[in-house]
Number of protein chains: 2
Amino acid sequence: MVDSTCRVVDVKEISNNYRDDLKEWIDQSRARPRLVGFLANKDQSAITYAKWTQRSCEEIGIKFELRQVEREDLEEGIIEANEDRRVDGVMVYYPVFGGGHDQYIQNCVSPFKDVEGLCHTFRFNMYHNIRFIDVQKKSIIPCTPLAIVKILDHLGVYNHEFDYGDQLNGKVITVINRSEVVGRPLAALLANDGAKTYSVDLDGILQFHRGPGKQKHRVTSTDKTLKDVLPVSDVVIAGVPDKKFKVPTELLKPGVVAINFSTDRNFPDSVKEKASVFVPAIGKMTIVMLQRNLMRLYDYRRDAPFRFRFS
Amino acid sequence: MVDSTCRVVDVKEISNNYRDDLKEWIDQSRARPRLVGFLANKDQSAITYAKWTQRSCEEIGIKFELRQVEREDLEEGIIEANEDRRVDGVMVYYPVFGGGHDQYIQNCVSPFKDVEGLCHTFRFNMYHNIRFIDVQKKSIIPCTPLAIVKILDHLGVYNHEFDYGDQLNGKVITVINRSEVVGRPLAALLANDGAKTYSVDLDGILQFHRGPGKQKHRVTSTDKTLKDVLPVSDVVIAGVPDKKFKVPTELLKPGVVAINFSTDRNFPDSVKEKASVFVPAIGKMTIVMLQRNLMRLYDYRRDAPFRFRFS
């Protein structure tokens with residue numbers, strides 16, 4: 001029996017609003033912000049993604065410049081772009097070296113130009129629920145987790161009856177993926193907004209929640225399995241890079257909000273029998289958040305001088 | 001035919017000199033510097049190493065405090081230690097989470113207390129041959145690579161006929177291991193001092209050398225194998241965590257300086273037939289360098305205020 005009430009959401013209906021706002025923002029700035037993307041691998045899908053980013057940037061008045069470099073020249077290229085006043089944002093198509101050296105490279109991007117929000121300053125702020133880097137200047141959040149937060153907001157999962165920072169109170173959310181650039185930050189963001197959050201990967205399930213004191217988010221081990229957490233989750237977000245992995249529909253809570261951010265399809269078609277909302281892909285929203293981060297940093301640099309604090 | 005001229009070096013004969021100098025430094029400072037080590041895994045060898053560190057610290061007047069914490073409490077523990085004026089140095093026994101999150105944790109240690117030299121500021125300085133963080137204040141170098149540099153200096157591989165920073169001119173050195181915490185930094189340090197340096201791991205062999213301009217070190221790909229690089233290397237340094245891996249003696253250059261920093265024995269006994277010097281283990285030297293880094297940071301913090309620049 002197929003429940004026909006499931007709404008399948010094309011994120012375009014959400015991202016277009018943000019895109020229009022951004023276009024207005026850029027028009028008003030009367031400049032042409034410049035984003036530099038470094039491609040230092042031979043990954044064909046990265047090239048496709050880069051071209052897609054370029055088209056999307058040009059549409060709203062952002063100059064996107066793809067710089068293809070040998071990976072041995074990447075660090076030097078980033079440093080040049082950091083120091084070049086004509087460059088407003090720097091991004092890199094990962095993986096390049098893979099492993100720890102990519103994280104070193106992420107930290108070589110100046111926080112003044114880090115549109116991906118991957119340098120330590122922004123990561124630390126995010127994990128510690130430090131939302132501002134200065135008066136009126138919000139910290140930069142990684143694009144994919146931010147895209148998912150904005151989608152949840154649009155879908156009404158964020159409850160505006162509660163104060164800012166508490167709008168996921170009472171919600172249980174499961175995130176299946178705990179990568180350092182998407183799954184872990186996302187779980188932290190959701191916990192920081194008040195959700196009871198389960199973070200799933202092959203090693204097991206952790207609970208992310210807010211603790212007392214200034215370090216608002218806390219992580220604790222659990223011995224739970226998907227059988228425990230899926231039936232109680234109001235939202236299930238999956239990003240497993242494995243064609244074979246499927247979230248078992250029979251474990252989902254009726255009326256669940258299901259979001260897939262994997263390039264593989266982590267939910268089977270039967271998800272529509274259980275879910276109230278299903279978002280099959282989020283890519284367009286991620287690019288708009290990248291552009292939004294660029295415009296934030298663009299404005300910050302043109303504002304009064306300020307300094308990043310060492311965390 | 002065994003060439004009996006090979007000198008097998010117990011690093012104690014080198015580390016004792018540094019230890020005596022340190023003891024004098026500490027006695028003169030008329031304080032008791034405090035090092036905090038965080039143990040957040042159940043690794044029995046880490047516990048053994050921690051006890052060894054403790055004894056070695058107490059011997060020369062450093063207070064060593066081992067804090068055993070759950071890994072979920074590690075970050076908060078580090079932040080407390082960062083802010084605690086009574087703590088002079090912070091170290092962590094890795095791996096804790098493994099992968100990228102450990103590098104995040106490394107960046108949570110304040111550069112004012114980072115005795116292991118693993119935070120981004122120090123890594124960046126090292127790769128870019130930036131030797132000072134301020135007038136008279138040298139940047140902190142990770143302990144194991146630093147220990148090997150000091151051993152090479154003691155053995156006369158560093159040639160004091162050349163200027164500081166060029167004392168490995170004319171030397172070819174192969175480093176077998178390219179981990180982010182030992183092999184890669186070591187290759188960069190040796191290249192920064194003028195050596196032609198080959199860096200070997202399972203992916204292949206890279207050459208580290210100095211380039212022009214402010215980014216002094218450069219990395220280039222090669223299609224060389226051990227058969228190409230070992231016969232031309234004046235120094236071979238191995239740190240492969242694999243009992244089965246052995247550096248093939250028949251490929252070594254006669255008179256080579258051979259150094260093992262793996263807990264496994266990477267050189268077979270026959271190395272003594274080829275090498276002029278063989279250093280089978282370096283652990284004692286690593287601990288002394290840790291203590292030396294602690295004393296540097298201790299002095300820096302007690303000196304006039306200074307600021308770490310963002311790289």
Side-chain angles (χ1 to χ4, degrees), chain A residues 70-80 82-83 94-95 97-112 118-121 123-124 126-128 178-181 183-185 201 203 206-209 211-222 307-311, chain B residues 70-80 82-83 94-95 97-112 118-121 123-124 126-128 178-181 183-185 201 203 206-209 211-222 307-311:
Chain A
E70 294 298 317
R71 66 183 198 172
E72 289 77 16
D73 299 321
L74 174 61
E75 186 176 343
E76 204 163 0
I78 291 171
I79 292 166
E80 273 176 31
N82 283 344
E83 290 169 357
Y94 295 101
F97 298 91
H101 204 60
D102 278 2
Q103 203 167 333
Y104 169 78
I105 296 289
Q106 287 160 6
N107 277 312
C108 288
V109 175
S110 162
F112 292 96
L118 294 176
C119 73
H120 184 73
T121 303
R123 282 187 202 235
F124 184 90
M126 183 188 56
Y127 286 127
H128 292 258
R178 197 158 61 238
S179 68
E180 292 299 311
V181 291
R184 184 185 287 274
D201 80 354
D203 292 340
L206 302 179
Q207 188 181 339
F208 282 55
H209 40 128
K214 72 177 181 180
Q215 188 192 25
K216 292 263 180 68
H217 113 272
R218 302 271 307 141
V219 179
T220 49
S221 300
T222 77
R307 184 183 289 282
F308 282 95
R309 285 167 303 170
F310 250 113
S311 48
Chain B
E70 293 300 317
R71 66 184 198 172
E72 288 79 14
D73 298 322
L74 173 60
E75 186 175 344
E76 202 164 0
I78 290 170
I79 292 166
E80 272 176 31
N82 283 344
E83 291 169 355
Y94 294 101
F97 298 92
H101 204 61
D102 278 2
Q103 202 167 332
Y104 168 80
I105 296 287
Q106 285 160 6
N107 277 311
C108 288
V109 176
S110 163
F112 292 96
L118 295 176
C119 73
H120 184 74
T121 303
R123 282 186 201 236
F124 184 90
M126 183 187 57
Y127 286 127
H128 292 258
R178 198 158 61 239
S179 68
E180 293 299 309
V181 292
R184 184 184 287 274
D201 79 356
D203 291 340
L206 301 179
Q207 188 183 337
F208 282 54
H209 40 129
K214 73 175 182 180
Q215 189 192 25
K216 295 262 180 69
H217 113 272
R218 302 269 309 140
V219 179
T220 50
S221 299
T222 78
R307 185 183 288 281
F308 283 96
R309 285 166 305 170
F310 249 114
S311 49

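Per chain, numbering begins at 1; letters A, B, ... match sequence-line order.
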Engineer: Rounded to the nearest 0.5 Å, what separates atom NE2 in A:H101 from atom OH in B:Y127?
Structural biologist: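 OH of B:Y127 is found 6.0 Å from NE2 of A:H101.
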
Engineer: With side chains defined as the heavy atoms from C-beta onward, is the minimum distance between B:R123 and A:N107 less than 4.5 Å?
Structural biologist: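 Not in contact.
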
Engineer: Contact between A:T220 and B:E70 at the side-chain level, heavy atoms closer than 4.5 Å - yes or no?
Structural biologist: no

Engineer: Verify side-chain contact (heavy atoms from CB on, under 4.5 Å) between B:V219 and A:E75, making sure each step is shown before the conclusion.
Structural biologist: CA-CA 11 Å; B:V219 179; A:E75 186 176 343; over 6 Å; no

Engineer: Measure A:S221 against the heavy atoms of chain B and call it side chain, backbone, both or neither at under 4.5 Å.
Structural biologist: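 Both parts, backbone and side chain.
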
Engineer: So which heavy atom on A:Y104 is nearest to which on B:H120, and how close?
Structural biologist: O-CE1, 3.4 Å

Engineer: Please step through side-chain contact (heavy atoms from CB on, under 4.5 Å) for the pair B:H128 and A:I79, ending with a clear verdict.
Structural biologist: CA-CA 11 Å; B:H128 292 258; A:I79 292 166; 3.1 Å; yes

Engineer: Below 4.5 Å from any heavy atom of chain A, which atoms of B:Q103 appear? Answer side chain, backbone, both or neither.
Structural biologist: both

Engineer: Tell me whether A:R184 forms a cation-pi arrangement with B:F97, defined as NZ or CZ under 6.0 Å from the six-membered ring centre and within 45 degrees of its axis.
Structural biologist: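 Yes, a cation-pi geometry holds between A:R184 and B:F97.
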
Engineer: Could you tell me the separation between the CD atom of A:E72 and the CD atom of B:Q207, rounded to the nearest 0.5 Å?
Structural biologist: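 Reported to 0.5 Å precision, the distance equals 11.5 Å.
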
